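These figures come from a predicted structure and were not determined experimentally. Side chains are part of it too, since the values below use all heavy atoms of this structure and drop only hydrogens, waters and symmetry mates. Proteins come first, then strands; the chains are lettered A, B, ... in the order of their sequence lines, and each starts at number 1.
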2 protein chains.
Amino acid sequence: MSDLREKIIKSSLQLFSDKGFHGVTVNDIVNHCDTSKGGFYHHFKSKDELLYVIHDTFISYVLNEANQAKKCYDRPIFQLHEMLKALVRVYDLYNEHIVVFNQENKYLKENYEILIQKKRDNYKEILQEVIKQGQELGEIRNELPTTITNMAILGMVNWTYQWYKKDGPKTIDEIASTYIDIIFSGLLTTEALEEYRASKLSMTDI
Amino acid sequence: MSDLREKIIKSSLQLFSDKGFHGVTVNDIVNHCDTSKGGFYHHFKSKDELLYVIHDTFISYVLNEANQAKKCYDRPIFQLHEMLKALVRVYDLYNEHIVVFNQENKYLKENYEILIQKKRDNYKEILQEVIKQGQELGEIRNELPTTITNMAILGMVNWTYQWYKKDGPKTIDEIASTYIDIIFSGLLTTEALEEYRASKLSMTDI
DNA sequence: TATTACAGACCAACCAGTCGGTCTATAACA
DNA sequence: TGTTATAGACCGACTGGTTGGTCTGTAATA
């Protein structure tokens, strides 16, 4: 991939995550990374395509991580642990992508929106399946409705984009550890919780 | 208050929550509620002011609810219970306000942004104080960092705007009940949790 | 020479906001 | 009661600035 293309993406990420997609003009972007309209439109069909590329980069990465987590562990409880760990850790890699992903998805043009929505749903399904299996195996409390639980977890984690700062007082590992603690204490059956706390994967070792 | 003013707010809520602030023109709004540019600008200084009014209506309401909850109960655990119940229930009253509030706050103009941020922070402080007091009284586990816990709860609840539909398969009370279950199981000390479960305010009675 | 990579002047559409004007209602007055 | 004065509510054509995108030209590269 070209050098300029990456520069444009990097600049736009910085600008979009700060002022929002509509708060940034194409001219703002090309000025910021010291190129021109010509340079921009040589690499991107439109401003909308750029927004799509940002979305896709992020969701594809996360989706891949989720699939890895499912493959590498066999018990739902550990799959969930791994997925959460991965999802929160992404914040140190893709902080700006995430802000744009959560803030500007409404402005994706029809075709692009469908593509992203598909992957988004795919991720949700994976998580949902893990929870359902956890319930079937008696690791996660059956009283909890699966879909609501699913969205509760996603909400807690995704909301991080609203307040997390890389140079802030809380490290991302500390945050991940707290989320996992709350979620596991909140979801697991007493037996599974005891087992989990006794296991190597206890809170201090995320 | 004038009739038209309310009609404009109602229309804009519908349109904004669907297509986003920048996806809706002032002409879209006045066409939707069958008025004119003149009518619009007679009631609002600018499109930005309209956005502010929507934000303020919602946050002021929620802030008031939170203060009520603090006043009406003396123990943190019950204050928290009441705050969560209230916050989730708002979804049936202010669904569209909430979508706009969470999606478009980046586009508030400087002055307005400061006013809203102040109330937003105020709400966070109230919740944070409840959690801290809960920890001091031994009702909430001390291992949990207060601020992260605070944001975890807010995230779980606020994320509801991303998926809740009034005519969907889940009622708002069911959702509130599940959130409270997860959060209380996740946060409370074993003693407090037992006490809570034994009390009238058990899950089935939210 | 042909192709790719970029520059930057330019254009057409769009959109928030304006402004002169109308219509209705109520108050003041004769 | 009939007439006029005044204010507020609302209308809609118009404008001026902005912005995404195009197009022609040029430099580098192969």
Side-chain angles (χ1 to χ4, degrees), chain A residues 1-56 100 103-113 115-116, chain B residues 1-56 100 103-113 115-116:
Chain A
M1 276 301 156
S2 140
D3 201 42
L4 180 58
R5 187 185 155 91
E6 287 311 311
K7 262 172 66 184
I8 291 172
I9 292 177
K10 208 171 162 187
S11 284
S12 67
L13 274 170
Q14 220 174 305
L15 294 169
F16 287 165
S17 66
D18 186 34
K19 300 163 193 262
F21 182 69
H22 287 282
V24 176
T25 70
V26 175
N27 270 322
D28 290 339
I29 297 170
V30 299
N31 289 339
H32 188 269
C33 61
D34 218 42
T35 179
S36 62
K37 279 284 183 76
F40 183 95
Y41 283 96
H42 180 71
H43 289 287
F44 297 96
K45 280 218 303 274
S46 62
K47 194 186 172 193
D48 296 298
E49 194 197 32
L50 171 60
L51 185 62
Y52 166 72
V53 168
I54 292 172
H55 273 72
D56 191 64
V100 175
Q103 194 78 233
E104 312 294 341
N105 63 74
K106 185 156 279 173
Y107 294 119
L108 281 169
K109 284 278 184 302
E110 182 71 5
N111 297 359
Y112 296 136
E113 207 272 334
L115 294 171
I116 296 299
Chain B
M1 277 299 157
S2 141
D3 201 41
L4 180 59
R5 187 185 155 92
E6 288 310 311
K7 260 173 68 183
I8 290 173
I9 293 177
K10 208 171 163 188
S11 285
S12 68
L13 274 169
Q14 221 174 304
L15 294 169
F16 287 164
S17 65
D18 186 36
K19 299 163 193 260
F21 182 70
H22 287 282
V24 176
T25 70
V26 174
N27 269 320
D28 290 339
I29 298 170
V30 301
N31 288 338
H32 187 271
C33 61
D34 218 44
T35 179
S36 63
K37 276 283 182 76
F40 182 94
Y41 283 97
H42 180 71
H43 289 287
F44 298 96
K45 279 219 303 274
S46 63
K47 194 185 172 193
D48 297 298
E49 193 198 30
L50 171 59
L51 185 63
Y52 166 72
V53 168
I54 291 171
H55 272 72
D56 191 63
V100 175
Q103 194 78 236
E104 313 294 342
N105 62 74
K106 184 155 281 171
Y107 294 119
L108 280 169
K109 284 280 184 303
E110 181 71 7
N111 297 1
Y112 296 137
E113 207 273 334
L115 294 173
I116 296 299

Does a side-chain heavy-atom distance below 4.5 Å link A:H55 with A:N105? yes

Just the rounded figure in Å: distance from C1' of D:dC10 to CZ of B:R5. 16 Å

Would you jot down, in residue-number order, the residues of residues 14-31 of chain B having a non-hydrogen atom under 4.0 Å from DNA chain C? B:V24, B:T25, B:V26

Can you tell me which nucleotide in D:dG12, D:dG21, C:dA7 comes closest to the side chain of A:S36? C:dA7

Whole angstroms only, please: what is the CD1-P distance between A:I8 and C:dA5? 12 Å

Roughly, in whole Å, what's the span from CG in B:D3 to C1' in C:dT24? 16 Å

Is the closest side-chain heavy-atom distance between A:K19 and B:K106 below 4.5 Å? no

Separation of C:dA5 atom P from A:Y41 atom OH, nearest Å, is 18 Å

Can you tell me if B:K47 uses its side chain to pair, donor with acceptor, with the backbone of B:F21 under 3.5 Å? yes

Are the aromatic rings of A:Y107 and A:H22 close, with centres under 6.0 Å apart? yes

Report yes if the side chains of A:F16 and A:Q103 come closer than 4.5 Å at any heavy-atom pair, otherwise no. no

Taken to the nearest whole Å, NZ/B:K47 to P/C:dT18 is 15 Å

Tell whether A:K37 reaches the base of D:dG21 with its side chain through a donor-acceptor pair below 3.5 angstrom. yes

C:dA16 P sits how many Å from B:L51 CG, rounded? 13 Å

Check whether any side-chain heavy atom of A:L51 lies under 4.5 Å from a side-chain heavy atom of A:F44, and answer yes or no. no

Look at A:H42 and C:dA5 and indicate whether a side-chain polar atom (N or O) is within less than 4.0 Å of OP1 or OP2. yes

Whole-Å distance, B:Y107 OH to C:dC15 C1', equals 16 Å

Report yes if a side-chain nitrogen or oxygen of A:S46 is closer than 4.0 Å to either non-bridging phosphate oxygen (OP1 or OP2) of D:dG20; otherwise report no. no

Strictly distance-based, threshold 3.5 Å: is any side-chain N or O of A:N31 a donor or acceptor partner for the main-chain N or O of A:N27? yes

Atom CG of A:L50 and atom C1' of D:dG21 are separated, to the nearest Å, by 14 Å

